[in-house]
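Okay, so here's the structure we're looking at.
Since this is a predicted model, take the numbers as computed values, not measurements. A, B, ... follow the sequence lines: proteins, then strands. Residue 1 opens every chain. The figures that follow rest on heavy atoms only: side chains count, while hydrogens, waters and symmetry mates do not.
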There are 2 protein chains.
Amino acid sequence: MTSRGAGPIYQRIADDLRARIQSGELGAGAKLPTEQSLTTDYGVTRATVRQAMQVLVNEGLVVSERPRGHFVRQIERLTYRPQKEWRERPLHRELDQFMDEQVELGRKPSQTIAVELATPPADVAARLGLTETDTVVIRKRVRYLDGTPFNTNDSYFPLELVQGSEIMHPADIGRGANVVLAELGAEQTHAVDEIEVRMPTPDEASRLEIGLGVPVALHRVTGYTDDGRPVRVVRNVLPGDRHLIAFERTRPAKAEKDSEQ
Amino acid sequence: MTSRGAGPIYQRIADDLRARIQSGELGAGAKLPTEQSLTTDYGVTRATVRQAMQVLVNEGLVVSERPRGHFVRQIERLTYRPQKEWRERPLHRELDQFMDEQVELGRKPSQTIAVELATPPADVAARLGLTETDTVVIRKRVRYLDGTPFNTNDSYFPLELVQGSEIMHPADIGRGANVVLAELGAEQTHAVDEIEVRMPTPDEASRLEIGLGVPVALHRVTGYTDDGRPVRVVRNVLPGDRHLIAFERTRPAKAEKDSEQ
DNA sequence: TCGGCCTCATTGACTAGACAATGTAGACGT
DNA sequence: ACGTCTACATTGTCTAGTCAATGAGGCCGA
């Protein structure tokens, strides 16, 4: 039972359970032994068993559904394709391209939109070439799929650029914000994507209803006009257990040499 | 001191400390109060204080350096550019393109390379069009920067494709593996990138010397030949606290419409 | 001066409890 | 048959300790 090996007891308990999960003995959604039964199995107190559970929870392998017990987390990732912003336009109007894809799979998408004026966070200010005392327009969206939050999508625009435009209206922009930007003389033709991986802040965790042990990707897009002026920053927060980020590349013609990467 | 608000005591302690970190009062690398002093500050037992610390550690905000104390984690991310595989070739031979960039910044890169024959994990098998009983050649690399592991880079090739080639030799391939593939009649001209975000497995954590509370990005690249045959899968594991993944896009000429994303 | 040893502050691991919070299922009443 | 209420199993929070492990800094001897 207690597979031997060095280290603290709680680690061995966690290792045993992890092995049973990975072997498939405990499949996705399966109920783990109760803390009580593990205390007798291993002859330790409940505090020690709880420490083992904590390890698995923090690894994202297990979720606690109080007071029903601990369960093997079931992960279902949907594919998120940043590139598609500039690809096909399936025109289910209303919803944007990301949701579009999901509709075709029979999902029920929805979203909330809020617009506010505020000072930008440091990362956004730096990318828009503003200071932290300037004012930006923030369009905050939370996208849901079948009722559960799927990701958040906050767009930051310099105030003087979008003042009075449709962008400041807290409703979906059928044409897409980029079209509005173009009409304002700030067409976005170039974008820099950055992805940071970290644990969610408490704010993010509650906005996205993220459980313990689930990291997020912060996908930050800075959009530029033809002449290199930054006109928007988008911060997408993607919970790791619900997303697979995908993009494609084709080799530019006549590349001479190539790395191993 | 004990900022009021509902919820368990350990959460309030964690919230207080988090606020002090975010406000800059406790900057990167700063030492947190000892558990002992917190017990007296809040009038609770050490177990409760430890629970609060655990929260911050799992959020990746704090690291424990036993027995010196708890410290605010300092994060330094280096930029990782998947696209560069097919971009400039600065030709510092020996090292690949990723390392190349770091050399220019005065860092000391190194790597270990191991080659083995084994059956592929499920995700790799699926992408190479193999079964889990087929044999693949795995080139496992760990890349270091200034002595600390930076990321892992495991390439999987179908055995019959690279049998006897330079790829099976556990040394750096100066020309780049892609060139060797081309010589074998399997030039990689198209690639699909996938990024998964999750907590590290214990294996990954030890290989990369990752602390608690640090998630990873699994960056999986499937390379295809011109006629759509998969010839390699690369699994890059990137610790979240050391990487910023970046790529750029330029709008294809004459896109009519555009989404908000 | 320099290496080795010892002390000590601090975190890690664990025991042995108590009481609170909360879904679920079964008993019960209408 | 159907809603309501209650008991219960299970996890969450917390107390009050003990002993172990470990890096750092100071002490001491050669």
Side-chain angles (χ1 to χ4, degrees), chain A residues 2-17 26 29-73 202 205-206 209-213, chain B residues 2-17 26 29-73 202 205-206 209-213:
Chain A
T2 61
S3 68
R4 74 263 176 282
I9 305 172
Y10 76 87
Q11 276 293 353
R12 281 193 280 159
I13 301 175
D15 290 347
D16 286 351
L17 290 170
L26 293 166
K31 186 179 188 301
L32 272 66
T34 66
E35 294 176 356
Q36 189 49 243
S37 74
L38 288 170
T39 62
T40 60
D41 285 356
Y42 287 89
V44 294
T45 60
R46 191 158 76 96
T48 304
V49 169
R50 278 182 71 70
Q51 220 175 336
M53 285 297 189
Q54 181 86 156
V55 169
L56 300 175
V57 168
N58 289 332
E59 283 175 5
L61 278 179
V62 162
V63 290
S64 161
E65 271 163 44
R66 183 191 186 195
R68 296 198 290 119
H70 286 94
F71 297 83
V72 179
R73 167 172 264 137
S206 75
E209 293 171 24
I210 296 181
L212 289 176
Chain B
T2 60
S3 68
R4 74 266 174 283
I9 305 173
Y10 75 88
Q11 276 293 352
R12 281 193 282 161
I13 301 175
D15 290 347
D16 287 351
L17 290 170
L26 293 166
K31 187 178 189 299
L32 271 66
T34 65
E35 294 175 355
Q36 189 50 242
S37 73
L38 288 170
T39 63
T40 60
D41 285 356
Y42 287 89
V44 296
T45 59
R46 192 158 75 96
T48 304
V49 169
R50 278 181 71 71
Q51 218 175 339
M53 285 296 189
Q54 182 84 161
V55 169
L56 299 176
V57 168
N58 290 332
E59 283 175 5
L61 278 180
V62 162
V63 290
S64 161
E65 270 163 46
R66 183 191 185 195
R68 297 197 290 118
H70 287 94
F71 297 83
V72 180
R73 166 171 265 138
S206 76
E209 293 171 25
I210 296 180
L212 289 177

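Residue-level contact check: B:Thr34 touches the backbone only, with heavy atoms under 4.0 Å from sugar-phosphate atoms and none from bases. No engagement by A:Glu65 is indicated, since no non-hydrogen atom pair under 4.0 Å with the nucleic acid exists. A:Thr45 comes within 4.0 angstrom of a base, heavy atoms only.
Shown here for A:Leu38 and A:Met53, the closest heavy-atom pair between the two residues is CD1-CE, 3.7 Å.
Atom CD of B:Glu35 and atom P of C:dA9 are 15 Å apart (whole Å). Atom CD in B:Gln36 sits roughly 11 Å away from atom P in C:dA9 (whole-Å rounding). The distance from atom CZ of A:Phe71 to atom P of C:dG23 is 13 Å, rounded to the nearest whole Å. If you measure from atom CZ of B:Arg46 to atom P of C:dA9, you get 14 Å, rounded to the nearest angstrom. When rounded to the nearest whole Å, the span between OH of B:Tyr42 and P of D:dC14 equals 13 Å. Rounded to an integer number of Å, the gap from CD of A:Gln54 to C1' of D:dT13 is 13 Å. We find that CE of A:Met53 is positioned 17 Å from C1' of D:dT13, with the value rounded to whole Å.
Picking from D:dC14, D:dT11, C:dT11 the nucleotide with the shortest atom distance to the side chain of A:Arg50 gives D:dT11. In this structure, of D:dA21, D:dG12, D:dC14, it is D:dC14 that holds the atom nearest to the side chain of B:Pro8.
The CG atom of A:Leu26 sits 7.5 Å away from atom CG of A:Leu17, with the distance rounded to the nearest 0.5 Å. A distance of 9.5 Å separates CZ of B:Arg46 from OG1 of B:Thr34, quoted to the nearest 0.5 Å. With values rounded to the nearest 0.5 angstrom, A:Asp15 atom CG is found 5.5 Å from A:Gln11 atom CD.
Side-chain contact between B:Thr48 and B:Pro8 is absent, with no heavy atoms from C-beta onward closer than 4.5 Å.
Look at A:Tyr10 and you'll find a side-chain N or O under 4.0 angstrom from OP1 or OP2 of C:dA13. Within the structure, a side-chain polar atom (N or O) of B:Gln51 is placed less than 4.0 Å from OP1 or OP2 of D:dT13. At D:dT15, one or more side-chain N or O atoms of B:Thr48 fall inside 4.0 Å of OP1 or OP2 (strictly under the cut-off). Regarding contacts with the backbone of D:dT10, every side-chain N or O of A:His70 stays at 4.0 angstrom or more from both OP1 and OP2.
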Give the table of side-chain donor-acceptor pairs shorter than 3.5 Å for residues 54-72 of chain B, with sequence neighbours excluded, one pair per line with atom names and distance.
{"from": "B:Asn58", "atom 1": "OD1", "to": "A:Asn58", "atom 2": "ND2", "distance (Å)": "3.3"}
{"from": "B:Asn58", "atom 1": "ND2", "to": "A:Asn58", "atom 2": "OD1", "distance (Å)": "3.3"}
{"from": "B:Asn58", "atom 1": "ND2", "to": "B:Gln54", "atom 2": "O", "distance (Å)": "3.2"}
{"from": "B:Glu59", "atom 1": "OE1", "to": "B:Arg18", "atom 2": "NE", "distance (Å)": "2.9"}
{"from": "B:Glu59", "atom 1": "OE1", "to": "B:Arg18", "atom 2": "NH2", "distance (Å)": "3.4"}
{"from": "B:Glu59", "atom 1": "OE2", "to": "B:Arg18", "atom 2": "NH2", "distance (Å)": "2.8"}
{"from": "B:Glu65", "atom 1": "OE1", "to": "B:Arg68", "atom 2": "NH2", "distance (Å)": "2.2"}

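If you find the closest nucleotide of DNA chain C to B:Gly69 and to A:Val44, the one lying nearer the 5' end belongs to B:Gly69.
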Please write out each protein N/O paired with an N/O of nucleotides 5-8 of chain D under 3.5 Å, distance rounded to 0.1 Å.
none

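For C:dA21, the base has a donor-acceptor partner in the side chain of A:Arg66 [N/O atoms by modelled type, under 3.5 angstrom].
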Self-check item: From CA spacing to verdict: side chain to side chain donor-acceptor pair (under 3.5 Å), A:Gln36, A:Thr39
Solution: CA-CA 5 Å; A:Gln36 189 49 243; A:Thr39 62; 3.3 Å; yes
